[in-house]
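First comes the structure, then the notes that go with it.
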Amino acid sequence: MDAIGCQELLMPVINPAEIWRESGRWDKVGEELFRFKDRKGADMALAMTHEEVVTWLAAREVRSYKQLPQLWYHIQTKERDEARPKSGILRTREFIMKDSYSLDVDVEAMQVSYDKHVAAYDRIFARCGVRFLRVESDNGMMGGAVSHEYMAPSPAGEDEVVVCDACGYAANVELAVAGADQAAGGADRAAGGPATSPGGEEAGALVEVATPEARTIDEVTAFLGIAASELIKCLVVVSQERGTIIVLVRGDHELNELKLRRVIGEFRLATADEVADSLGVGIGFVGPVGASLDTFADETLRAGTYVAGANKDGYHVTGVTAAHFQAEFRDLRTVGGGDRCPHCDGRLQSERVIEVGQVFQLGTQYSEPMNARYLDEEGAERPIVMGSYGIGLARVAAAVVEQHHDENGIVWPPSVAPFAAQVLSVRASDAGQSELADRVYGELVAAGFEVLYDDRDLSPGIKFKDADLLGCPLQVIVGKRAAEGVVELKWRATGERDDVPVAGLTAAVRAALDASF
RNA sequence: CGGGGUGUGGCUCAGCUUGGUAGAGCGCUCGGUUCGGGACCGAGAGGUCGGCGGUUCAAAUCCGCCCACCCCGACCA
């Protein structure tokens, strides 16, 4: 952060509600924001992130374009009232974040600050030993336009991304798009299947078929002997802004609620009663053809011929194409492994990941409402253009451990190891060993290394196992050759050991750590 | 908020089905032996069985309510 010109600040955890009201997030973020009242009854919040504080500060400090750009960062506790803290240290209600903020004169300048952060983050994660993907992401409640997430592949992760190994396209499944892929769709099924109409894209004949008691995708595919990809999945949702509407995705696809939310705003699934009231049909037999509600369909359904609910209890219709119903086509489905890359002919792979960082181009999302403005060269007042950039420290630690361990425990990369080395005496009850171990520990500390010392009088097996478990990059073992002034230097990562005279130990440790960078 | 699970020495758990004097392993204490990859022998200490109420001659065990924690989902920068 310092290397790209950031200044470190310390910002308050306790925020007056006022600044959160100014930014609009007091009402927008909901229960995730910890709120309380002070003794005077004034609303307060525990900051979950610091855009408001930064913008408030910028509004008071920045007057002129000559003061820009500014890059500010801090490393601090953040608070979020998570609905369900889980996964060890991956999702907690109190956590430490490094976050920084850029203040610029315009979008082009902000892009420069953004690119600086991307470059710095690439270096930071590489140095921490984290294998990561930088993926396109959703901005969530942050607002703004462009956003990327830093994702560390790990089965322990809570997020999922898709990656094209041909062109490098990578995106969070929350917003990933897939290329058109006719092959998997209903249209190209071999003729003769019940879903295929001879006319292809033209509106062929609709045929009503009795499908008693076949409501779910599984039941209908089993009953008709067709693939799920030949069905239209028909969901009825209630939107705050648009009322009750129909949403269509292909039978083998999943609705991406985030994508739909971007189209229709907040929504929930309709209850069976609501479906019956608005369409007069049971929930398993709803279809787009002849339905009286506004309809949104996933792009995939533009092509192909499908089976869909007949809006009549106990019946489905076959031969349904896009020409048979009125709908607004949008990208609404969740992309997964095996889908076609939107940018090339490659296939997408999906991967579980730990989100370790995220960068946002905020634009004037905060500076406009909070009046953070400057005078440009012409003397015109303009809003500051902002970016924000976060790294979850505990998550980095978790990702490092998930990616660097073996059957014996953690294998810390030297850059992030809590201690560079662990000194242990094999037999603490042996005066010679203890004295030498004390001396070695003292010398290493004096030489500026962070050292952990296991001087417990326990059996050697326990001490070796514990040292491996803790995973310091180097172990200095003071044992049977103590009398000769020789100790053993062991590399945790490889298990490689060298006997080293105490006189050369400090130099050997320094050389070993230098070599690992 | 919905679904599932678990609460028994410090820790991990058995016992509950079929009610009848509360157990094991690890850890801990003391003595002795051992000592380069989680040693061994011997002797000990340690539990209102999550809480409240009920059934019963008798409840860790059966019933009801409550509490806490864990997992899955919803949710989530």
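Below, chains carry the letters A, B, ... as their sequence lines are ordered, and counting in each starts from 1. Please read these numbers as outputs of a predicted model, since none were measured by experiment.
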Counterpart residues, side-chain hydrogen bond (donor to acceptor under 3.5 Å, both in side chains), relative to [X] (two or more places apart):
| X | result |
| --- | --- |
| A:D81 | A:R93 |
| A:S87 | A:E158 |
| A:S100 | A:K98, A:H117 |

With a non-hydrogen cut-off below 4.0 angstrom, is [X] in contact with a base, only sugar-phosphate, or nothing?
| X | result |
| --- | --- |
| A:E257 | sugar-phosphate |
| A:D430 | nothing |
| A:K490 | base |

Take atom [atom1] in [N] and the same atom in [M], then report the distance between them in whole Å.
| N | M | atom1 | value |
| --- | --- | --- | --- |
| B:rU56 | B:rG64 | C1' | 16 Å |
| B:rC57 | B:rC65 | C1' | 26 Å |
| B:rC13 | B:rU6 | C1' | 12 Å |
| B:rG20 | B:rG15 | P | 14 Å |
| B:rA14 | B:rG9 | P | 13 Å |
| B:rG10 | B:rG36 | C1' | 30 Å |
| B:rC40 | B:rG54 | P | 50 Å |
| B:rC71 | B:rC26 | C1' | 26 Å |

How many whole angstroms separate atom [atom1] of [X] from atom [atom2] of [N]?
| X | N | atom1 | atom2 | value |
| --- | --- | --- | --- | --- |
| A:E31 | B:rA74 | CD | P | 17 Å |
| A:I462 | B:rA39 | CD1 | C1' | 9 Å |
| A:L258 | B:rA77 | CG | C1' | 11 Å |
| A:K86 | B:rC72 | NZ | P | 7 Å |
| A:R456 | B:rG38 | CZ | P | 15 Å |
| A:L269 | B:rG73 | CG | P | 17 Å |
| A:E32 | B:rC76 | CD | P | 8 Å |
| A:R395 | B:rC76 | CZ | P | 14 Å |

SB check [X] [Y] (cutoff 4.0 Å):
| X | Y | answer |
| --- | --- | --- |
| A:R127 | A:D122 | no |
| A:E52 | A:R25 | yes |
| A:E443 | A:R439 | yes |
| A:E174 | A:K259 | no |

*Nucleotide by nucleotide, 5' to 3', does protein get under 4.0 Å of the base (B), only the sugar-phosphate (S), or neither (-) in nucleotides 26-36 of chain B, counting heavy atoms?*
---------BB
*Considering non-hydrogen atoms only, spot the tightest contact between A:A420 and A:P473 and give its length.*
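What the structure gives for the nearest pair is O-CD, 3.3 Å.
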Considering every strand shown, what is the Watson-Crick or G-U wobble mate of [N] when both distances are under 3.5 Å?
| N | value |
| --- | --- |
| B:rG7 | B:rC67 |
| B:rC40 | B:rG32 |
| B:rC62 | B:rG54 |
| B:rG27 | none |
| B:rG46 | none |
| B:rC76 | none |

_A:R21 and A:D27: CA distance, side-chain angles, deciding distance, salt bridge (Lys or Arg N to Asp or Glu O under 4.0 Å) verdict_ = CA-CA 7 Å; A:R21 289 206 170 98; A:D27 296 319; 5.8 Å; no
_Ring centers of A:Y73, A:Y101 separated by less than 6.0 Å_ =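 Centroid distance A:Y73-A:Y101: not below 6.0 Å, so no.
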*Hey, does the side chain of A:R84 come within less than 4.0 Å of B:rC72's phosphate (OP1/OP2), counting only N and O?*
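Answer yes for this pair, as a side-chain N or O of A:R84 is under 4.0 Å from OP1 or OP2.
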*So which one's nearest nucleotide on RNA chain B is more toward 5', A:A83 or A:K465?*
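It is A:K465, whose closest nucleotide lies nearer the 5' terminus.
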*Which nucleotide in the list B:rC76, B:rG37, B:rA77 gets nearest to the side chain of A:R80?*
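Nearest to the side chain of A:R80 among the choices is B:rA77.
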_Going by the rule salt bridge (Lys or Arg N to Asp or Glu O under 4.0 Å), which residues pair with A:E484 if we only count those two or more places apart in sequence or in a different chain?_
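Result, salt bridge (Lys or Arg N to Asp or Glu O under 4.0 Å) vs A:E484: A:R481.
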*Answer yes or no on whether A:R35 is positioned over the face of A:W26, meaning its NZ or CZ is under 6.0 Å from the six-membered ring centre and within 45° of the axis.*
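Judged by the rule (NZ or CZ under 6.0 Å from the ring centre, within 45° of its axis), A:R35 counts as positioned above A:W26.
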*asked:* Short of 4.0 Å, heavy atom to strand atom, which residues of residues 95-103 of chain A count as contacting RNA chain B?
replied: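 Nothing qualifies; none.
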